[in-house]
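Working notes, beginning with the structure itself.
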Amino acid sequence: MNKNLFTSFMIPVVLGIPITTLIIMFPTMLFPTPNRLTNNRVIAIQQWLTKLTSKQLMITHGLKGQTWSLMLTSLFLFIASTNLLGMLPHSFTPTTQLSMNLGMAIPLWAGTIFIGFRNKTKMSLAHLLPLGTPAFLIPMLVTIETISLFIQPLALAVRLTANITAGHLLLHLIGSATLALMGINLPTALITFIILTLLVILEFAVALIQAYVFTLLVSLYLQDNT
């Protein structure tokens with residue numbers, strides 16, 4: 001067990017070289033390209049989940065928005081697989097790093113905003129000022145709406161970082177408490193172990209839910225601008 005609570009969130013280094021890039025690329029190995037006429041069960045389940053996710057994300061989009069289906073589905077699979085791999089013991093979760101999440105959120109958000117201003121300039125500008133606003137409130141409301149618009153990618157990244165980090169910290173704390181209680185009070189240690197098991201199951205669900213929420217919010221930003 002690590003003595004430092006935040007050791008698991010430090011970027012792993014080998015011979016002084018950060019290996020974050022290799023860790024980020026590793027989830028792509030979990031989704032092999034099918035090269036057979038009849039796929040095995042694992043690939044069949046992966047394809048079914050991919051189609052289901054793509055259908056749920058694209059159900060409200062028009063033709064222009066559906067061109068993003070491959071990118072949004074890939075984004076969901078990448079975040080979900082990265083979060084799930086982070087549940088392995090002594091592993092590193094890249095989505096606990098705010099810099100990485102901002103690196104995903106800002107370009108996607110900027111792309112949706114650019115599409116909105118290019119295709120629907122008047123409607124995009126109209127979102128900055130609600131209809132029927134009194135004249136003396138216009139400067140303040142435009143400023144508030146502009147700030148809220150630029151906060152969107154930060155909210156995306158912070159939400160994902162905070163949820164994944166909080167779950168890992170909670171598991172670390174309860175796991176440490178369980179080990180400490182085993183030599184003091186076995187019944188209490190058994191109770192904390194049951195709680196730890198339930199939290200692990202919950203954390204697996206959170207890993208998938210947060211990936212879906214991140215992708216869904218990007219999809220909603222896209223829907224507002226197409």
Side-chain angles (χ1 to χ4, degrees), residues 1-2 4-12 19-20 22-32 39-57 71-105 108 155-182 188-220:
M1 185 66 66
N2 294 324
N4 188 351
L5 187 61
F6 297 96
T7 301
S8 59
F9 302 106
M10 297 175 61
I11 297 177
I19 58 172
T20 310
L22 296 177
I23 297 174
I24 293 174
M25 294 173 60
F26 181 73
T28 58
M29 300 172 60
L30 302 178
F31 300 96
N39 297 322
N40 57 34
R41 293 181 181 180
V42 175
I43 295 180
I45 292 174
Q46 288 178 353
Q47 291 179 342
W48 175 76
L49 289 174
T50 301
K51 290 180 182 179
L52 180 63
T53 304
S54 178
K55 182 179 179 180
Q56 292 296 322
L57 291 173
M71 180 181 294
L72 293 179
T73 304
S74 301
L75 177 66
F76 170 77
L77 293 175
F78 171 73
I79 298 177
S81 58
T82 303
N83 290 345
L84 292 175
L85 287 174
M87 293 296 297
L88 297 175
H90 304 288
S91 61
F92 173 72
T93 311
T95 47
T96 58
Q97 304 296 313
L98 183 60
S99 57
M100 174 182 166
N101 295 335
L102 283 173
M104 292 189 295
L108 293 170
L156 271 177
V158 170
R159 182 186 294 107
L160 179 58
T161 304
N163 281 282
I164 300 301
T165 303
H168 283 47
L169 286 175
L170 189 59
L171 291 177
H172 185 99
L173 290 172
I174 296 181
S176 301
T178 303
L179 288 176
L181 288 170
M182 286 181 66
T188 306
L190 181 60
I191 294 174
T192 55
F193 178 75
I194 294 173
I195 296 174
L196 178 62
T197 304
L198 295 176
L199 282 175
V200 169
I201 297 173
L202 178 63
E203 190 64 19
F204 274 104
V206 168
L208 295 175
I209 291 172
Q210 289 304 316
Y212 183 75
V213 168
F214 189 98
T215 311
L216 180 63
L217 288 175
V218 174
S219 176
L220 292 176

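This is a predicted model, so every value here is computed, not measured.
- A distance of 15.0 Å separates OG1 in T73 from CZ in F78, rounded to the nearest 0.5 Å.
- The shortest side-chain heavy-atom distance between L108 and M71 falls under the 4.5 Å cut-off.
- Donor-acceptor pairing under 3.5 Å is recorded for the side chains of T192 and T178.
- Residues T93 and H168 bring a donor and an acceptor atom of their side chains to less than 3.5 Å of each other.
- Rounding to the nearest 0.5 angstrom, the gap separating the CG atom in L208 from the OG atom in S81 is 10.0 Å.
- Considering OG1 of T95 and CG of N163, their distance stands at 10.5 Å, rounded to 0.5 Å.
- Put simply, the side chain of T161 gets close to the backbone of A157: a donor and an acceptor are under 3.5 Å apart.
- Between N83 and L160, the closest side-chain pair of non-hydrogen atoms falls below 4.5 Å.
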Subject >> Test side chain to side chain contact (heavy atoms under 4.5 Å, CB included) applied to L217 and L220, step by step >> reply: CA-CA 5 Å; L217 288 175; L220 292 176; 4.2 Å; yes
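- Side-chain contact between V200 and F204 is present, with heavy atoms from C-beta onward closer than 4.5 Å.
- With sequence neighbours left out, the side chain to side chain contact (heavy atoms under 4.5 Å, CB included) criterion links L199 to L170, L171, I174, I195, L202.
- For the atom pair E203 CD and I209 CD1, the distance stands at 10.0 Å (nearest 0.5 Å).
- Here CZ of F214 is found 5.5 Å from CG of L75. Values are rounded to the nearest 0.5 Å.
- Side-chain contact between L102 and L156: absent, with no pair of heavy atoms (C-beta onward) separated by less than 4.5 Å.
- Here R159 contributes atom CZ and I164 contributes atom CD1; the two are 12.5 Å apart, rounded to the nearest 0.5 Å.
- Evaluation of the side chain to side chain contact (heavy atoms under 4.5 Å, CB included) rule for S99 yields Q97 as partners, not counting sequence neighbours.
- The shortest heavy-atom contact between A80 and A211 is N-CB, 3.5 Å.
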